[in-house]
Amino acid sequence: EQDLDHIISAAIRGMDRATLEYPVKPGIILCLDRAFPQHLNEIIVEKAIAYRQRGVVGIDIAGPESSSFDPAHYKAAFKRARNSGLGVTVHTGESGPVEEVAEVIRHLEPDRLGHGVKSAYDERTMGMLRERGITLELCPTSNVNTGVCDSIAEHPIGMLRRLRFRVTLNTDNRLMSNTSMTKEMLKLQEAFEWGLSDFEWLTINAMKSAFAPFPERLKIINGLIKPRYALLNAESSMGAL
């Protein structure tokens, strides 16, 4: 436990230093791992609750998806986290069966799902996402690399955009997938002919889904995101003349 305290404290110090040097408002998500013993994961949840006033904003559980993972085992711990004000995201619906997504939603009540891409292929799960307003943290390039779909053009993000599900655009990892947010946007623009309005929608979704107080999210949406996209639209219009 002392090692966990040292790790979390070091991350908080780095975050605090960043806020002094850059105009950012970061938060820390503590990540459990499916491969860890359950008691260790539950300790991480308790640490997240303990450090909530120092910049920890949420919890996640990641690691290899397998049939041995039972979300019900973490129901009580995740409920404590939610009741303390922490956001909850869970890695599911990428390499594992889509049935796991429904179990995660039922037992852990997440605000967001890491990937969750297979939800798009199951009507029942889509209904659960819509009903509960759960955000999908989609990672198109990574999903192609891991074989979830064959190409960006076949990625369900296009359909989910048309149906106006709450989705965000992410890199998952930048090193292994050799990607960045800019590259992800360019690929979506090419595959779906998306324009600035589509990317503004994604950006606003991301801020709506952030683990931050509502006034902060609203301030950034109305004071930064919308004005910057309005400026980009104006510049684009001028360039077309």
Side-chain angles (χ1 to χ4, degrees), residues 28-49 52 56-140 142-149 154-157 159-161 163-173 205-206 208-211:
I28 294 173
I29 296 175
L30 296 191
C31 190
L32 292 66
D33 195 302
R34 296 164 184 252
F36 290 170
Q38 183 175 340
H39 76 276
L40 176 56
N41 280 329
E42 291 183 348
I43 289 173
I44 294 172
V45 171
E46 297 307 318
K47 293 295 183 184
I49 295 170
R52 191 177 69 82
V56 173
V57 297
I59 58 171
D60 184 13
I61 184 162
E65 297 178 40
S66 69
S67 59
S68 63
F69 174 66
D70 186 352
H73 291 165
Y74 293 95
K75 185 172 184 176
F78 273 61
K79 184 177 182 179
R80 289 196 300 275
R82 291 195 310 276
N83 289 344
S84 75
L86 292 170
V88 172
T89 180
V90 179
H91 180 152
T92 187
E94 182 193 16
S95 59
V98 69
E99 290 79 12
E100 182 186 281
V101 179
E103 289 299 295
V104 164
I105 293 172
R106 187 160 67 91
H107 291 293
L108 304 183
E109 300 181 41
D111 307 288
R112 310 187 321 220
L113 293 179
H115 292 289
V117 63
K118 286 188 176 177
S119 305
Y121 305 112
D122 183 77
E123 185 176 349
R124 174 173 171 263
T125 309
M126 291 269 282
M128 296 177 74
L129 295 174
R130 177 78 84 183
E131 178 184 355
R132 305 187 187 208
I134 297 171
T135 300
L136 296 182
E137 306 165 357
L138 297 178
C139 313
S142 178
N143 292 155
V144 172
N145 290 344
T146 56
V148 178
C149 51
E154 296 176 52
H155 195 281
I157 192 171
M159 174 191 68
L160 294 168
R161 164 67 175 119
L163 296 176
R164 299 190 69 81
F165 274 76
R166 180 72 69 83
V167 301
T168 63
L169 180 63
N170 308 270
T171 60
D172 189 19
N173 64 85
N205 276 353
K208 284 180 177 178
S209 305
F211 294 159

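Note that the numbering runs from 1 along the sequence shown for the chain.
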Is it true that Lys118 and Glu94 make a salt bridge, defined as a side-chain N closer than 4.0 Å to a carboxylate O?
no
Correct closest heavy-atom pair for Arg132 and Arg106 would be NH1-CA, 4.5 Å
Taking every heavy atom of Ala77 against every heavy atom of Val45, the minimum-distance pair comes out as O-CG1, 3.4 Å
So do Ile59 and Cys31 actually touch side chain to side chain, heavy atoms under 4.5 Å?
no
Distance col, row Glu42:CD vs Tyr74:OH, nearest 0.5 angstrom, shows 7.0 Å
Nearest heavy-atom contact between Val101 and Gly93 is CG2-CA, 3.5 Å
Could you tell me whether the side chains of Thr171 and Asn173 share a donor-acceptor contact shorter than 3.5 Å? no
Ile61 and Asn41 have their tightest heavy-atom pair at CD1-ND2, 4.5 Å
Rounding to 0.5 Å, atoms NE2 (His73) and CG (Leu108) come to a distance of 11.5 Å
- prompt: Is the closest side-chain heavy-atom distance between Ile29 and Val57 below 4.5 Å?
  reply: yes
Side-chain touch Asn143/His155, heavy atoms, less than 4.5 angstrom | yes
* Indicate yes or no for a side-chain donor-acceptor contact from Asn205 to the backbone of Val167 under 3.5 Å, with no hydrogens or angles considered. => yes
### Beyond-backbone contact of Tyr121 with Cys149, side-chain heavy atoms, under 4.5 angstrom
yes
Interatomic distance, CD@Gln38 vs CZ@Phe69, rounded to 0.5 Å, equals 9.5 Å
Given 3.5 Å as the limit, does a donor-acceptor pair link the side chain of Asn170 with the main chain of Cys139, or not? no
In short, Val104 meets Pro71 closest at the heavy-atom pair CG2-CG, 3.8 Å
Of all heavy-atom pairs linking Met128 and Ile105, the shortest is CE-CG2, 3.6 Å
Exercise. Taking atom types as modelled and ignoring hydrogens, do the side chains of Ser209 and Thr135 form a donor-acceptor contact shorter than 3.5 angstrom?
Worked result: yes
Compare all side-chain heavy atoms of Leu169 with those of Pro140 and state whether any distance is below 4.5 angstrom.
-> yes
In this structure, CZ of Phe211 is separated from CG of Asp111 (nearest 0.5 Å) by 5.0 Å
Is the shortest heavy-atom distance from the side chain of Val117 to the side chain of Leu136 under 4.5 Å?
-> no
So the salt bridge (charged side-chain N to carboxylate O under 4.0 Å, His left out) pairs with at least one residue in residues 60-73 (sequence neighbours excluded) are none
Practice prompt. Apply side chain to side chain contact (heavy atoms under 4.5 Å, CB included) to Phe78 and Leu32, showing your working.
Written response: CA-CA 11 Å; Phe78 273 61; Leu32 292 66; 4.1 Å; yes
Checklist entry - Does any non-hydrogen side-chain atom of Met159 lie less than 4.5 Å from one of Met126? => result yes
Does any N or O in the side chain of Asp33 come within less than 3.5 Å of the main-chain N or O of Ala35, such that one atom is a donor and the other an acceptor?
yes
* Determine, step by step, whether Glu100 and Arg34 satisfy the salt bridge (Lys or Arg N to Asp or Glu O under 4.0 Å) criterion, reporting the C-alpha distance in whole Å, the side-chain angles of both residues, the deciding distance to 0.1 Å, and the verdict. => CA-CA 13 Å; Glu100 182 186 281; Arg34 296 164 184 252; 2.8 Å; yes
Sequence neighbours excluded, the answer for salt bridge (Lys or Arg N to Asp or Glu O under 4.0 Å) partners of Arg52 is none
Rounded to the nearest 0.5 Å, the CD1 atom of Ile134 sits from the CG atom of Leu129 at a distance of 5.5 Å
Here the gap from Glu46 atom CD to Leu30 atom CG, rounded to the nearest 0.5 Å, amounts to 11.5 Å
Residues passing the side-chain hydrogen bond (donor to acceptor under 3.5 Å, both in side chains) test with Glu137, sequence neighbours excluded, are Thr89, Arg112
*asked:* Are more than 12 heavy atoms, taken from residues, nucleotides or ligands other than Arg130, located less than 6.0 Å from that residue's CZ atom?
replied: yes
